[in-house]
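Have a look at the structure below, then the notes.
Because the structure is predicted, anything quoted here is derived from the model rather than measured. Because only heavy atoms are used, hydrogens play no part in the values below, and waters and symmetry mates are left out as well, while side chains stay in.
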Amino acid sequence: MKFPVKQKILCAIYTELHSELPDMGRITPASLCIDPVQFRVAVDKLNSESLIKGAVIVSEGQWPIPRMVCLEHVSLTEQGTHYAAENLREAM
């Protein structure tokens, strides 16, 4: 089953948060085989939809694509946790 980019990132965050030694720095476009621009846009959307919190999103002026995102201190909101758990269950 192929997940949309937002779901893939959300599930990666959920999985990493529940690992024995969480390291959010492991969640990168390369580690998820996602185009870097799609990754940045998806992280921005997840943040805007209040599914994640703590992501650093650097934008430049009116440009719609974030210049950079950092997930080092990211976590899931209650809504994000529920959404990710449901999607992981459906994937199994």
Could you list all the salt bridge (charged side-chain N to carboxylate O under 4.0 Å, His left out) pairs where at least one residue sits in residues 20-49, not counting sequence neighbours? Lys6-Glu49, Glu16-Arg26, Asp23-Arg26

Give me the other members of the hydrophobic cluster that Ile65 sits in, counting Ile, Leu, Val, Met, Phe, Trp and Tyr linked by side-chain heavy atoms under 4.5 Å, directly or via other members. Val37, Val41, Trp63

Nearest non-hydrogen partners of Pro66 and Ser59, listed with the distance: CA-OG, 4.2 Å

Output, in order, the C-alpha distance, side-chain angles, deciding distance and verdict of side-chain contact (heavy atoms from CB on, under 4.5 Å) for Leu51 and Leu76. CA-CA 6 Å; Leu51 295 172; Leu76 297 173; 5.9 Å; no

Beyond-backbone contact of Val5 with Phe39, side-chain heavy atoms, under 4.5 angstrom: no

If you look at every heavy atom in Ala55 and Leu71, which pair is closest and at what distance? CB-CD2, 4.0 Å

Side-chain cluster (under 4.5 Å, hydrophobic types only) that Val58 belongs to, other residues: Val56, Met68

Using modelled atom types only, decide if a donor and an acceptor are shared between the side chain of Lys53 and the backbone of Val74 within a distance under 3.5 Å. no

Distance in Å, Met24 CE paired with Cys70 SG, rounded so as to fall on 0.5 Å steps: 10.5 Å

Value rounded to 0.5 Å, distance of OG in Ser19 from CG in Leu17: 7.5 Å

OG1 of Thr81 to CD1 of Ile52: how many Å apart, nearest 0.5 Å? 11.5 Å

